[in-house]
Amino acid sequence: MNSRHGGRLQDARGRAGTHAEQTEEVSSPNAPVQGMALERELVEAPDREFTVAARSQWSMVSRRFLRHKLAMISFFVFVAVVLLAFVGGSLWHYNYQGFTNDYSVAPSLKHPFGTDSSSHDMFAQVLRGTQRSLEIALFVALVSTAIGTAYGAIAGYFRGVSDSIMMRIVDLFLTFPVIAVAAILGDQLGPKANGWLWIAIVLAALTWPYVSRVVRGVTLSIREKEYIEAARALGATNRRIIARHVVPNVIGPVIVTVTILVATAILAETALSFIGFGVKAPDTSLGLLVFDGQTAVETRPWLFYFPGFFIIVIALSINFIGDGLRDALDPTQTRVRA
Amino acid sequence: MTASTGVSTSRNNSDGRSNDDALLLVDNLSVGFPTEDGVVHAVRGVSYTLRPREVLGIVGESGSGKSVTSMAVMGLLPKSAQVSGSVRFRNDELLGLSESALAKFRGEHLAMIFQDPMSSLNPVYTVGWQIAEALRAHHDMSKDAAMTRAVELLTTVGIPRAKERANNYPHEFSGGMRQRAVIAIAMANDPDVIIADEPTTALDVTVQAQVLDTLTTARHETGAAMVLITHDLGVVAGQADRVLVMYAGKPVEIGSVDDIFYTPRMPYTLGLLGSLPRLDAGDAERLTPIVGSPPSLINLPPGCPFAPRCPIRQPICDVEEPELRPTTSATHVAACHFSEQLEGKSPADLFQTSVADDVLPEDAGESEQQDRVVRGEETAEQVPGGGQS
Amino acid sequence: MLAYAIRRLLISIPIIIISTFIVFLLVTYSGDPLANLRVKQPIPPPQVFAKYRHQFRLDQPVLERYWHWITGVVHGDFGPSVEGGGTLNIGHELGHRLIVSARLVVAAMVIAAILAVVVGVVSAMKQYSIPDYAFTFTGFLFLSMPLFWFAVLLKEGAIWLNRNAGTSLATIGDSSPTVGAGTWAHFTDAVNHLVLPTIALAMTSYAAWSRFNRASMLEVLSSDYIRLARAKGLSRRRVLVRHALRTALIPFVTVTALDMAAILGATIITERVFQWRGMGTFLLDGITNLDVYVVLAWLLVAALVVIIFNLIADLLYGVLDPRIRYE
């Protein structure tokens with residue numbers, strides 16, 4: 001939605017160049033001023049017309065994102081959490097399934113997040129849960145974005161009957177609460193399939209319609225833009241128009257949607273695991289850890305707070321990254337925050 | 001109208017006129033917008049006086065600061081805008097007033113008409129309701145009385161079957177009718193000044209003349225003075241008493257309509273006139289475009305901002321920005337180091353007719369060939385590179 | 001308008017039929033209602049299996065089973081339940097639980113919507129002020145906080161308060177088993193039990209909606225007609241409420257309706273944490289017990305609620321926006 005003006009930006013850039021050259025042209029001796037008593041001085045001055053360099057759309061976007069402090073901090077936090085979960089887990093001297101002989105001890109140097117009543121090291125458990133939850137969330141985000149983008153772009157670009165039918169199907173999907181349907185499918189078929197992957201597939205199957213709606217909306221508005229009309233008038237093929245004009249302008253909203261989906265998927269998976277229909281023991285996820293820790297909020301708070309904080313940190317950092325991207329992609333956001 | 005009184009010149013504004021009995025006095029108004037690249041100096045010191053019943057035309061290209069100037073006068077700029085200088089209505093300073101204090105002036109004394117009638121009216125209220133609302137904002141009157149007056153106003157601005165039409169929503173009106181409705185809102189409280197910001201730009205050519213007539217009606221009905229902002233010199237010629245030509249956020253020439261049209265003293269004004277089609281000139285005279293575009297208003301280099309596009313540019317033009325100075329008379333001022341050299345010059349003397357704005361540089365040199373293309377003696381395909389544009 | 005409403009309702013019927021059929025297929029093929037019976041020790045005699053197979057119409061083809069079910073539903077028969085050896089009347093239980101959950105959903109939605117509008121307006125008016133930053137941050141925090149975690153926290157917090165501050169906030173169940181006589185006593189008891197779950201359920205919706213309202217208020221505030229309204233000399237308050245908020249609310253109506261499915265999902269989690277005997281726990285128990293017709297009944301009700309809410313939103317949109325005309 002935000003980068004719809006991309007074409008215009010590029011257009012402006014193209015024109016700026018032409019004008020600069022024309023300025024030079026005017027001061028060339030080929031343009032004599034007839035009947036003027038003035039002797040024209042050829043001043044080799046630097047370009048006085050454009051004192052600010054034109055920027056490409058993407059360099060502008062990345063510049064704005066880099067300046068978005070909260071988004072940048074969130075980006076590093078998120079990367080740190082991902083590294084910790086995927087690399088840190090294997091380096092940590094406790095295994096998430098191993099017993100430590102320390103029963104229900106509070107956080108210490110030895111057990112930064114304490115241990116549970118079965119003497120599992122919580123730090124190892126939380127890292128493992130984070131890894132699982134992230135795997136599911138990233139899988140859901142990638143798969144449902146891919147399906148949703150293709151589906152929405154096709155529906156929006158070709159419109160007509162196919163669009164109506166395709167969108168009615170999407171409407172149908174949207175009538176059902178994701179959590180409920182995922183619980184039904186996950187519980188019955190889950191054990192037969194490969195645990196976490198099955199949950200990820202179910203969640204992806206239920207979330208792509210949301211992506212397709214966003215992409216279709218953007219595509220519909222892009223195809224009405226003058227630059228598409230111009231491309232068509234110049235004889236560009238559908239394929240070329242989609243590749244050169246539609247896709248680059250849809251990418252922005254899609255990236256923002258991906259971030260939203262990662263956060264949504266993390267929350268959905270942990271919720272499913274919490275109510276007992278997601279990841280199941282002996283595997284673990286952050287939702288399952290919170291479920292196990294909920295009765296111990298007062299007596300052994302570390303069991304409840306640490307996995308919860310990890311969910312919040314992941315979802316919050318992703319949401320801030322998404323917000324930063326949205327702002328960066330919005331060309332109307334040129335005003336300085338005052 | 002524009003003849004200077006010359007009797008009581010206690011204090012003169014930079015347009016060469018006394019400030020006494022001025023209705024609206026804009027003095028050294030500057031507006032900057034902070035952006036990522038630096039501050040955009042959209043308006044760089046505009047001064048003008050508006051007397052009762054006078055019509056001041058403000059002309060210039062897009063981005064010359066015409067609209068921003070009037071928004072600043074109305075106090076409608078976003079909070080981030082840095083506004084300095086002075087805007088006085090009669091004896092009241094308007095700059096720096098709070099929103100609620102400004103509300104007393106807006107509509108009641110100063111009314112405004114915007115460029116795009118399609119988006120100027122709130123889509124969820126009827127046209128009559130929106131006019132009645134303007135009335136009730138400044139007068140203690142019943143809803144019914146306000147509605148009756150709204151219908152009268154709609155009749156005045158030329159809406160047929162106004163009584164029924166008052167109950168229509170904006171989307172049920174055509175563009176021209178919407179602009180009339182906006183004019184009716186502006187007229188509602190008999191303001192002293194109406195600022196019309198490109199009132200006809202967004203409209204069909206066929207409707208433009210009608211809306212201009214409606215504006216004249218509005219002026220006569222309310223007795224208001226008007227600031228008419230436009231990039232169309234034709235509109236100014238028919239409506240204005242005085243003209244202010246803006247370039248790069250500054251007035252570059254101010255004078256009576258006759259001063260501006262017959263004895264312009266700034267190359268830019270001359271260029272604008274040269275790009276205006278004239279029916280009386282026949283086909284002997286061709287249009288003379290001003291090549292290039294206005295400068296970016298961030299980090300404006302020293303010197304005259306028009307210099308890069310100016311045909312009579314001299315070294316001094318790149319160093320020193322000229323001030324407004326009296327030319328043919330005390331009330332006709334222009335900002336050009338060489339304004340006296342423009343005496344008796346026509347646009348064609350300064351600007352080339354052959355160079356079109358969208359011509360590629362390599363083509364522009366071959367002006368002879370270009371001429372033939374313009375005359376239609378050759379098809380575009382035969383010109384090298386002609387197909388690219 | 002009435003004609004449009006009726007037509008929309010009629011269009012909804014095939015949507016409901018298709019969606020229920022898909023749901024029916026999903027549920028039928030995703031689980032075996034007799035699975036729990038099979039693992040019983042000692043293994044029940046074959047007659048028992050045959051009886052259940054017949055009762056659950058497992059001996060019929062799928063299409064016939066669906067037809068039986070959907071016609072039964074129309075007549076108020078939601079099919080057999082495994083609960084209580086098949087004696088539980090799903091329709092009756094559903095009615096009771098629907099009322100319990102509706103209380104929670106309506107209370108949470110109303111509170112979330114009001115808060116979201118107020119906060120959205122304040123944030124947009126004072127963009128980049130300290131309150132705006134504070135609201136934005138808490139909005140993001142709530143958006144990123146898992147509902148179950150927040151609900152557990154609320155519950156434990158209330159238990160702590162009850163013990164240390166002498167309050168008597170209800171932390172479990174939708175009502176107390178023993179309540180004094182009189183409507184008033186019942187009412188206060190219900191409200192007491194509503195407090196915590198409502199806060200939990202309202203949180204997520206509030207976070208998303210306040211962000212949405214802020215954005216749409218900002219968009220409206222920068223529009224040409226707001227500029228004209230200000231140029232007319234209207235008071236700041238009138239510009240904000242009568243012009244900006246009035247138009248900004250139009251898309252909000254659609255957003256609340258679109259969120260209905262998500263809210264129903266969140267209700268499941270909320271009810272689980274606070275141990276309510278509402279629709280949410282009805283579904284979860286149904287899934288655990290492989291109670292096919294309970295799950296089907298739940299999904300049917302959910303689809304109906306979502307469709308009806310979207311219809312209401314559509315009609316409301318027409319009332320709020322004169323540019324939309326239903327003919």
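All values below come from the heavy atoms of this structure, side chains included, with hydrogens, waters and symmetry mates left out. So that the names make sense, note that chain A is the first sequence line, chain B the second, and so on, each numbered from 1.
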Nearest-0.5 Å distance, [atom1] of residue [X] to [atom2] of residue [Y]:
X: Tyr151(A); Y: Met167(A); atom1: OH; atom2: CE; value: 7.0 Å
X: Ile22(C); Y: Leu299(C); atom1: CD1; atom2: CG; value: 11.5 Å
X: Lys155(C); Y: Gln294(A); atom1: NZ; atom2: CD; value: 6.0 Å

Under 4.5 Å from a heavy atom of chain C, the part of [X] involved:
X: Val290(A); answer: side chain
X: Phe173(A); answer: neither
X: Val313(A); answer: neither
X: Leu316(A); answer: both
X: Ala180(A); answer: both
X: Phe176(A); answer: both

Contact leader toward chain C among Ile275(A), Ile266(A), Ile179(A), Ile318(A), where contacts are heavy-atom pairs under 4.5 Å: Ile275(A)
Could you tell me whether [X] atom [atom1] has more than 12 heavy atoms of other residues or ligands within 6.0 Å of it?
X: Leu10(C); atom1: CG; value: yes
X: Glu156(C); atom1: CD; value: yes
X: Phe75(A); atom1: CZ; value: no
X: Arg213(A); atom1: CZ; value: no
X: Phe212(C); atom1: CZ; value: yes

Would you say the side chains of [X] and [Y] form a donor-acceptor pair under 3.5 Å?
X: Thr267(C); Y: Ser101(C); answer: no
X: Gln125(A); Y: Thr284(A); answer: no
X: Glu269(A); Y: Ser273(A); answer: yes

Ile263(C), part contacting chain A, at a heavy-atom distance under 4.5 Å: neither
Inter-chain contacts: residues 135-147 of chain C against chain A, heavy atoms under 4.5 Å: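 At a heavy-atom separation under 4.5 Å, chain A is reached by Phe137(C), Phe140(C), Leu141(C), Leu143(C), Ser144(C), Met145(C), Pro146(C).
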Residues of residues 269-283 of chain C with any heavy atom under 4.5 Å of a heavy atom in chain A: Ile269(C), Arg272(C), Val273(C), Leu283(C)
Whether Phe24(C) and Tyr66(C) hold their rings parallel, tilted or perpendicular, with breakpoints at 30° and 60°: perpendicular
Interface residue of largest heavy-atom contact number with chain A, from Leu284(C), Val295(C), Val305(C), under 4.5 Å: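 Looking at each of Leu284(C), Val295(C), Val305(C) in turn, Leu284(C) comes out on top.
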Residue selection (most heavy-atom pairs with chain A, distance under 4.5 Å) from Ile307(C), Leu153(C), Ile159(C):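 It is Leu153(C).
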Trp208(A) and Val170(A), any side-chain heavy atoms less than 4.5 Å apart: yes
For the student: nearest non-hydrogen atoms of Ile321(A) and Ala71(A), plus distance: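 Taking every non-hydrogen atom into account, CG1-O, 3.9 Å.
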